[in-house]
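The model shown is predicted, which means the values in this text are computed figures rather than measured ones. Computed over heavy atoms, backbone and side chain alike; hydrogens, waters and symmetry mates excluded. Letters go in sequence order (proteins before strands), and every chain restarts at 1.
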Amino acid sequence: MLKMSTLFLRTLRDDPADAEVASHRLLVRAGYIRRIAAGIYSWLPLGYITLRNIERVVREEMDAAGFQEVHFPALLPQDAYKETNRLAEYGPNLFRLQDRKGGAYLLAPTHEEMFTLMVKSEYSSYKDLPLSLYQIQTKYRDEARPRSGIIRGREFVMKDSYSFDLTDEGLDVSYNKHRIAYVKTFDRLGMRYNIVKAVSGAMGGSRSEEFLAPCPTGEDTYVLCESCGYAANVEAMKSTVNAVDGSGVAPMQIVDTPNTPTIDTLVEVLNVNFGGGFTGADTLKNVLLVADGKNIAVLVPGDREVDLKRLQANLPGVEDLRLFEDADFAKNPLLVKGYVGPQRAQEFGLTLYADPRVAPGTSWVTGANQRNQHALNVVNGRDFFVDEYVDSAEVRRGDPCPECATPVVIDRAIEIGHIFQLGRKYAQALELTVLDGDGQSRVVTMGSYGIGVSRAVAAIAEQTHDELGLNWPEEIAPAQVHIIATGKEDLPFDTAVALGVSLEALGRTVMLDDRRDASAGVKFKDAELIGNPIIVVVGKALVEGKIEIRVRKTGERLEALLEQAPAVISGLLK
RNA sequence: CGGGGCGUAGCGUAGUGGCUAGCGCGCCUGCUUUGGGAGCAGGAGACCGGGAGUUCGAAUCUCCCCGCCCCGACCA
């Protein structure tokens, strides 16, 4: 029983000045966490109990799925990460350090390498597969910008699992087992979430999904089709636009459009000089970029921006992507800033990418590659030729669902889990092979699966809090029942202790506010701030032999006779 | 890394060159109080983020550094 008279806890009446998002504010105010440095937090008793409750649920579900728990050090030699090139890939995001002999170490940002090597050193036969291992470990990433309290820290607790299979079909099975285990886990954690298609990215691999907890303070943007259930990270959203017949379009025509370097100025001049009815959507925007040192052009409708994240995610292998700068224009005098058109892209040495919205046969107004001139009736496939179609335009609310064409909604969310078919990249690099039934050496295929455990504390707080404070689901609250004793006599305090003992005998976790010097008001406020699901008040109603029960989530209040109280309270919980 | 904001007691804050740096919460002592962050009285707690400078005099002005928060770039 957690007794508040001795609990190491100090709640704050005021919001901390350096906390903005609700989870951060409330976790600090309620005495769960304290900041040590940017993105680095200490856990006080209430916070640590909550964190361990989440760990417990995660562990139980992983074990139930037949995955086996191991544990690696957070402090590791750099060697393995060198072999997989992740030292370079992580760059400055990696905490690096030296031992006294000058040996190169790091604080692990994730553990693919170590798991791969561990399996390699123990197993060598296909008969040992499939295998899934996991750990719950502290990870370190030197984020450029830690933010939102515990949502994005530089030190965080993560559950990471890895599956090992001989075949692609086996990987699918392992992947699906993890997916099911994750659904069970997040359901038990009382979270609202969507399973969303994600981009596999440079790591390769065929399948990747994110578990996103919708929340306005989240960092991820995703699209959701409320009709068919399609959900995707904006980067992974597919636009489906069909080719049209452009054969009837009048020939391309070059017109003078003085001082129209932007879409807005162009549309204005078009409407004044060339008849009305033009909008930004009729124009074609030619965005010039440098991709790993190579000049490329991306075509999007003029009323949309290029989403750089989305573009990069859909250009596999490209590591460095940036917009053209003045210096780049200076080096390429044929490319006229503000008047670039795709008509001579290949001639100019540009690889021409187009968003699918710029479909074959569509006709556009675009730059004429001459200052102060634009071209009308520029038809894709007749007047310019796209090298490759790539989803790159910003995604908007109302865009058609790729599965059923219903307008999609866009929402923000916190990523709480990610399941990912890694394929053979790590096994190949670190030579994890097994012998198959024919005695042939085969590279193992892997999956990697993560749950942000400490982040889940914040995500749940974000989703469940109200204006009074935190408001935990019962599986993870510091205690299921929060008993408050009021008054100055011994009776309510003794009664509260006895009630707590009875509840614990029924398997319930109990927190008891037995502070003699705190007023009832303080105890009520603290109980609401701390956010345990059931608040029991032992006080005034005691003269009638009753206690008062309040359900934190609903605000519902009821009374129970003392002798029936344990059963009644317990009955309110799962 | 670019842009913006901020750094005064455990927390929230006032104080734009001039007395001993003020207030609220919290903390300690005593009395009173005990169903919605109680009252009175007394008290402890701050080299005003650090350094250098300007000045008779700096929390306050200047420069440098450090730290924190927000937006963006980046990133799970």
Side-chain angles (χ1 to χ4, degrees), chain A residues 9-21 24-25 28-31 34-40 44 89-94 109-110 112 139-149 151-160 198-199 201-203 208 210-213 217-220 233 235 307-309 312-313 319-323 413-420 448-456 458-459 468-469 484-489 492-493 513 515-529 535 537-543 547-548 550 557:
Chain A
L9 171 71
R10 192 100 306 154
T11 58
L12 304 176
R13 194 172 295 209
D14 300 305
D15 283 334
D18 61 0
E20 200 128 314
V21 302
H24 189 195
R25 265 189 302 117
V28 172
R29 265 192 67 199
R34 293 288 182 257
R35 190 179 60 74
I36 295 294
I40 302 177
L44 276 53
E89 279 172 19
Y90 267 97
N93 285 337
L94 210 53
T110 174
E112 274 83 359
K139 310 287 186 188
Y140 296 87
R141 294 182 195 176
D142 194 1
E143 297 280 351
R145 183 151 99 83
R147 72 185 89 181
S148 308
I151 294 177
R152 178 175 215 74
R154 293 192 292 171
E155 181 190 279
F156 56 97
V157 178
M158 177 167 152
K159 187 287 303 177
D160 49 329
V199 177
M203 281 196 184
S208 170
E210 292 169 339
F211 288 71
L212 298 185
T217 51
E219 298 183 279
D220 278 46
N233 198 306
E235 291 135 52
D307 181 334
L308 280 179
K309 257 171 115 168
Q312 183 157 12
E319 282 180 14
D320 182 48
L321 186 67
R322 63 173 177 83
L323 290 166
I414 300 171
E415 182 186 344
I416 47 170
H418 195 167
I419 53 177
F420 189 71
S448 111
Y449 316 89
I451 290 178
V453 175
S454 48
R455 178 180 278 183
L468 298 173
I484 295 172
T486 67
K488 52 185 167 183
E489 308 303 325
F493 287 83
D513 197 340
R515 291 176 293 177
R516 291 282 188 153
D517 50 355
S519 70
V522 168
K523 293 177 184 178
F524 296 151
K525 291 285 185 199
D526 274 347
E528 284 150 357
L529 179 62
I535 298 169
V537 186
V538 181
K540 277 190 166 166
L542 215 48
V543 293
I547 52 98
E548 182 183 334
R550 304 177 182 184
R557 297 184 181 199

Fill in: Separation of the C1' atoms in B:A44 and B:C27, to the nearest angstrom
8 Å
Worksheet item: Would you say A:Lys139 and A:Pro109 make side-chain contact, with heavy atoms under 4.5 Å?
Response: no
Worksheet entry | Nearest-Å distance for atom pair CZ/P, residues A:Arg147 and B:C1 | 16 Å
Worksheet entry | 5' priority, RNA chain B, between A:Lys540 and A:Leu212 [closest heavy atom] | A:Lys540
Item to complete: Check ring-ring contact (aromatic ring centres under 6.0 Å, His included) between A:Phe211 and all other residues, then give those that pass, not counting sequence neighbours.
Response: A:Tyr182, A:Phe186, A:Tyr193
Worksheet entry | Pairwise C1' distance for B:A58 and B:G17, with rounding to whole Å | 7 Å
Item to complete: Could you measure between the two P atoms, the one in B:G18 and the one in B:A59, and give it in whole Å?
Response: 10 Å
Worksheet item: In whole Å, what separates the C1' atom of B:G51 from that of B:C66?
Response: 10 Å
Worksheet item: Within the pair A:Arg145 and B:C71, is there a side-chain N or O less than 4.0 Å away from OP1 or OP2?
Response: yes
Practice prompt. With P as the reference atom in both, quote the distance from B:G15 to B:G2 in angstrom, rounded to an integer.
Written response: 32 Å
Worksheet entry | Cation over ring face, A:Arg516 and A:Phe493, 6.0 Å, 45° | yes
Item to complete: Please test A:Arg515 against A:Val522 for side chain to side chain contact (heavy atoms under 4.5 Å, CB included), starting from the C-alpha separation and ending with a verdict.
Response: CA-CA 10 Å; A:Arg515 291 176 293 177; A:Val522 168; 4.2 Å; yes
Fill in: Atom P, compared across B:A14 and B:U20: separation rounded to whole Å
24 Å
Worksheet item: According to the Watson-Crick and G-U wobble definition with distances under 3.5 Å, which dot-bracket string, read 5' to 3', encodes RNA chain B, using [ ] for crossing pairs and | for pairs with another strand?
Response: ((((((((.[[[[.)..(...]]]].((((((.....)))))).....[[[[[..)....]]]]])))))))....
Worksheet item: Rounded to the Å, how far apart are A:Leu321 CG and B:C74 P?
Response: 9 Å
Discussion item. Using the side-chain heavy atoms of A:Arg550, tell me which of these nucleotides is nearest: B:A38, B:C69, B:G35.
Written reply: B:G35
Discussion item. When you compare the side chain of A:Asp513 with that of A:Phe524, does any pair of heavy atoms fall below 4.5 Å?
Written reply: no
Discussion item. If I pick the C1' atom on B:C23 and the same atom on B:C48, what distance separates them, to the nearest angstrom?
Written reply: 16 Å
Worksheet item: Taking CG from A:Leu9 and C1' from B:C27, how many angstroms apart are they, rounded to a whole number?
Response: 15 Å
Worksheet item: On a whole-Å scale, what distance lies between the P atoms belonging to B:A21 and B:U16?
Response: 16 Å
Item to complete: By nearest nucleotide on RNA chain B, pick out whichever of A:Phe524 and A:Ala144 is the more 5' one.
Response: A:Phe524
Discussion item. Looking at A:Thr486, I'd like to know whether one of its side-chain N or O atoms comes within less than 4.0 Å of OP1 or OP2 on B:G35.
Written reply: no
Nucleotide N/O of nucleotides 11-14 of chain B paired with protein N/O under 3.5 Å:
{"from": "B:G12", "atom 1": "OP1", "to": "A:Ala17", "atom 2": "N", "distance (Å)": "2.8"}

